[in-house]
Structures are given as C-alpha cells and as structure tokens.
Amino acid sequence: MNTPVVISLAIFLVLIFAIGFWSSRSLKSATGDSFLQEYFLGGRQLGGFILAMTMIATYGSASSFIGGPGVAYTQGFGWVLLSMSQVATGYFVLMILGKKFAIMARRYKAVTLIDYLKGRYQSKWVVLTAAFSIIVFLFSAMAAQWVGGARLIESLTGLNYTTALFIFAVSVLVYVIIGGFKAVALTDTVQGVVMFGGTLILLIATIMAGGGIDNIMADLTAENPNLVTPYGADGGLSPTYVSSFWILVGIAVVGLPQVTVRAMAYKNSRSMHRALIIGTIVVGFIMLNMHLIGVFARPILPGIEVGDKVMPLIAQEVLPPWLAGIVLAAPMAAIMSTVDSLLLLVSSAVVKDVYLNYIKPDASHTRVKRMSFGVTAILGILVFLMALSPPDLLIWLNLFAFGGLEATFIWPVVLGLYWDGGNKYGALASMVVGIASYIIVDQFFPSLFGMHNVVVPILLSFVAFVTISLLTKSLIQNQSISHDQLERSM
C-alpha cells in the first residue's frame, strides 16, 4: 500500500463528506414539492461557475479519466483526436436547450427530464418508456463508474477488487443519500477544480519523465508509427468512424438526462451564459490533457495490459507520493461526481416519475422522503452487485449507455422544444425505435457502414418522430375538437 497516496485521497473524501453533511441542512426544512425541488434540483439556484463545474464533473466520468486515457495508451493520438469532440458538449447543451428548456421546465413544474416529457406530451406511455430507458441504460453507466472507482482504489491500496468496490460504494452512497442534488452540485464544483489542476500537473510531470515531447514522440514512432497518426495503432480509426463518434460524445449529448437536467437548474440567464463559456474551455482543457497523458505514458510504462490502470500507475510513477494522491483525487472526483448524479437521476425516475405519477400521487411528505432515500440506497446496492464482474475496459460499458440514452431522448427533447407539430405518438415512436434499433445494431451489426453504433438509431428515431407525428396530426386535432365540444356541452 502506498500510504502517502492513500492519506491524500482520504483527506479528499473527508472534505466531500463534510460538504454532503453541510448541504443536507437545506433538506431538513423542505416539505412537499420544495423537498423534491431541493433534493433533485438544488432549488434551481445554480450560479454560472457552479453550473459549469457540475456539468463538467458529471460528464467527465470514469470513462474520461480512467477508460479514455487507457484507450489512448493503446491507440495513440488517433484516440486523442476522437476524444476532442467532447469540447462541444457544454456549448451544445446550453445553446440548444438553454433558456427555452428552463422556461418550459418551470412552466410544467418539471423536476426531472421525464417531468418535462410528461408536461410536453401528456402521455403515460412516453413517461413509462422514458423511465424504463433511464433505469436500464443508466445502470450500465453507473456500473462503469463503480468499476472505475474500485480499480483506482485497488491500484493505490493493493486491496482486492471486491473490497475496493465496497469502500467506494459506501463513500458515494453516504453523501448522496444525505445531501441530494445540492451536495452533488457543490461537491462537483470542488471536484471540477481538482480535475482542472490535477490533469495539468500530471501532464507536465509525464512529459518531464519521458524526457520531453520530442523524445516521447520519437519513442512512440519507433515502437509503432501508427501511434502518431489519426488512424490508431492498428489503423482501425477510419475518418467515417471518428466523425460519427463526434455525434455520440459531442452533439447528441443533449439527449443525456444527466446532462440536460443541469439546464433546468440554473438561476438566471447570466449564469447560463457564464457556464457556457467556462464549461467549453474547461472541458476542452481537461479532455486534451487526460488523453495526452494516456499516450505519453506508453514509453514511460510499456506493457500495461489493463488500460484502466494506466492513470493511477503513471501518477505514482512520475509524481511524489503525496502529490500523486492529490492528483489522483481528480479521477476519483470525476467518478464520484458522475455516480452521484446518475444515482439521483435513476432514483428520481422511480420516485417522482413512476411512484408519484402513477402509483401513489397523494403520498405524504414523510413517505416521499423515505422513498427517495430508500430507493437511492437500494439502487446503489444493485449497482454494486452488477459491478462485481467488471469488463476489461469500462469505457465501452459507459459508451453503450451513452448511445442508448441519446437514441431514446434526443428527438423528444429537442424537437419537443422547437417543433409544435411533434406529438405524443411521434415521441413514443421515436423512443421505441431508438431503443430497439440501438440494441439491435449494437448486438448484431456493430460499426454499421463504418460508423459508430449510435448514428443509425438516431437517424431512425428522427424519421420515426417526424413521420408518426405528421401521420397522427389529424388524430390529435380530432381529439382536441372532441374535447372542446365536450367541455362546451357541459
């Protein structure tokens, strides 16, 4: 066990717990709707800096800080180029959704993304399909994060994987259950700052340990010239695949519930504009640094077989132990901040969108509180069990979840905002086609037409939304006329 590293990480975790306990104070006095607003949205009071950091920390996950650099280690600069599509994330989310989404969410009194869909489409089946999608795909995403956290603790402490996973699970569950969204947002801010500084320190130290950029480039070229090309170590990163990847982790991110919910929670327009600028700059800085570290680590630590261990190993190799502990708080921060957000999202889907909407709408305040805490804890335990058998590279598990959520939500959210002709039939068709086609393509036709698996399902779900909405336009109008006639007769 590397004791100085562990001590630094432990201090960081104590700080996170302190913020979680402090944040829980606002929940004690909250009742009814105000409890739901506080627990799942932080009272819609996020300023620009906190909004930017919570969006970055939520999006910058184990995939970005553990899995991404691990793939960059094996693929070279081609994966760095591919990863930079994430720079557009904050910009696209806040520009496309932005004010209009926040205004509509407040009009519908939406606490969750599914609340917005319920208000916009007035359909039980749209709500239940959305909740099903969130629960299924976010379980995969959460499992990926828990695997990343466990592997990080495993690499630092020498503990076995199961023990490391248990420590991580307890750490996250305690402060999420206690603090809710405000704890998530405030800890995300601390974690975002740690990520920003930690990646810069580690990149500089890695370059110095490799004898400078020129020396590292020469070593990479000598080992495999493809490592310094845009096409990857084996030449498999074709321009078609790379450009389609930009849809997955750049443009279509507006369909991710864990990111879109941030566009509901800001305080005012000024906060949103400030978050847009800060978020774009910081995401670009962090993603470039992390993936460059993965490539530059290859000549320094050759022969690493499990890519997810590259980050903790290179940090301990090139930094003093106490500083390595502080820097490794960055991936730990990324993982924890994503897990807490995903836990709250799935919990809100169960409690707010299914239980309160369709099972017990008149549930008491005490029962809602108990359900919120209890469901969050149960979900955490289930994800812990799922993460006991991890994949070799967790990034693929995370990207599978990303694609499924995007194929489900992107058009009901975006076209629901900007096209009045979109209706509940089109939204439901889009979601069902998105989910089904994504699973089919992923399982049976991977890399269809040389593109990432998410592209064809997104196109098909778009066609389904528009076509079914147009075909059922007269049906909706007739229903509206019949409703008006009934009201007049009464």
Side-chain angles (χ1 to χ4, degrees), residues 63 97 112-118 120-144 244-245 247-261 342 345-350 352-354 357-358 379 382-383 386 391 396-417 419 422-449 451-469 471-472:
S63 176
L97 300 180
T112 67
L113 175 61
I114 298 179
D115 271 349
Y116 160 75
L117 295 174
K118 181 188 178 190
R120 170 63 177 82
Y121 296 109
Q122 301 294 316
S123 169
K124 172 182 178 180
W125 290 107
V126 167
V127 170
L128 294 178
T129 305
F132 169 79
S133 177
I134 282 179
I135 292 167
V136 169
F137 288 114
L138 283 187
F139 255 87
S140 296
M142 279 195 288
S244 68
F245 211 88
I247 295 174
L248 175 71
V249 295
I251 298 170
V253 170
V254 295
L256 291 178
Q258 65 267 40
V259 177
T260 56
V261 74
L342 299 187
L345 259 175
V346 181
S347 176
S348 67
V350 175
K352 178 75 175 63
D353 303 316
V354 176
N357 279 339
Y358 301 111
L379 287 169
L382 291 175
V383 176
M386 185 177 175
W396 307 123
L397 191 59
N398 202 51
L399 293 179
F400 170 78
F402 266 35
L405 291 167
E406 290 170 3
T408 305
F409 289 105
I410 183 168
W411 302 122
V413 171
V414 176
L415 293 181
L417 284 176
W419 185 37
N423 60 41
K424 60 184 179 182
Y425 301 110
L428 184 59
S430 176
M431 296 168 82
V432 171
V433 168
I435 295 169
S437 60
Y438 181 71
I439 292 174
I440 290 169
V441 170
D442 187 80
Q443 293 299 312
F444 302 107
F445 306 101
S447 301
L448 190 63
F449 307 122
M451 298 184 294
H452 188 274
N453 297 340
V454 78
V455 176
V456 172
I458 282 180
L459 292 175
L460 291 175
S461 63
F462 174 77
V463 172
F465 189 101
V466 174
T467 304
I468 301 300
S469 290
L471 289 175
T472 57

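Index from 1, following the sequence.
Partners of Ser430 according to the side-chain hydrogen bond (donor to acceptor under 3.5 Å, both in side chains) rule, which considers only residues two or more places apart in sequence or in another chain, do not exist here. Thr408 meets the side chain to side chain contact (heavy atoms under 4.5 Å, CB included) test with Ser133, Phe137, Met431, Ile435; sequence neighbours excluded. Applying the side chain to side chain contact (heavy atoms under 4.5 Å, CB included) rule to Phe132 yields the partners Val136; only residues at least two apart in sequence or on another chain are considered. With sequence neighbours excluded, the residues forming a side chain to side chain contact (heavy atoms under 4.5 Å, CB included) with Val466 are Leu415, Trp419, Phe462, Leu470, listed by chain and number.
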Pair up each side-chain donor or acceptor in residues 452-459 with any protein partner under 3.5 Å, not counting sequence neighbours, and list the distances.
from	atom 1	to	atom 2	distance (Å)
His452	ND1	Val454	N	3.1
Asn453	OD1	Ser447	N	2.8
Asn453	ND2	Asp442	OD1	3.0

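Residues Ile468 and Ala429 share a closest heavy-atom pair of CG1-CB, 3.6 Å. Closest heavy-atom contact between Gln122 and Lys424: O-CD, 4.1 Å. In this structure, Leu117 and Ala130 approach most closely via the heavy-atom pair CD1-CB, 3.9 Å. Taking both residues in full, the closest heavy atoms of Pro412 and Ala427 are given as CG-O, 4.0 Å, listed atom of the first, atom of the second, then distance.
Contact check for Leu428 versus Thr129: side-chain heavy atoms found under the 4.5 Å cut-off.
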Derivation of the side chain to side chain contact (heavy atoms under 4.5 Å, CB included) call for Tyr425 and Leu471: CA-CA 9 Å; Tyr425 301 110; Leu471 289 175; over 6 Å; no
Residues Leu417, Tyr116; criterion side chain to side chain contact (heavy atoms under 4.5 Å, CB included); working and verdict: CA-CA 10 Å; Leu417 284 176; Tyr116 160 75; 3.5 Å; yes
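Not one N or O on the side chain of Tyr438 forms a donor-acceptor pair closer than 3.5 Å with the backbone of Leu405. Formation of a donor-acceptor pair under 3.5 Å by the Arg120 side chain with backbone atoms of Val413 is not found in this model.
Note on ring orientation: taking the six-membered ring where Trp is involved, the planes of Tyr121 and Phe465 are perpendicular (angle over 60°, cut-offs 30° and 60°).
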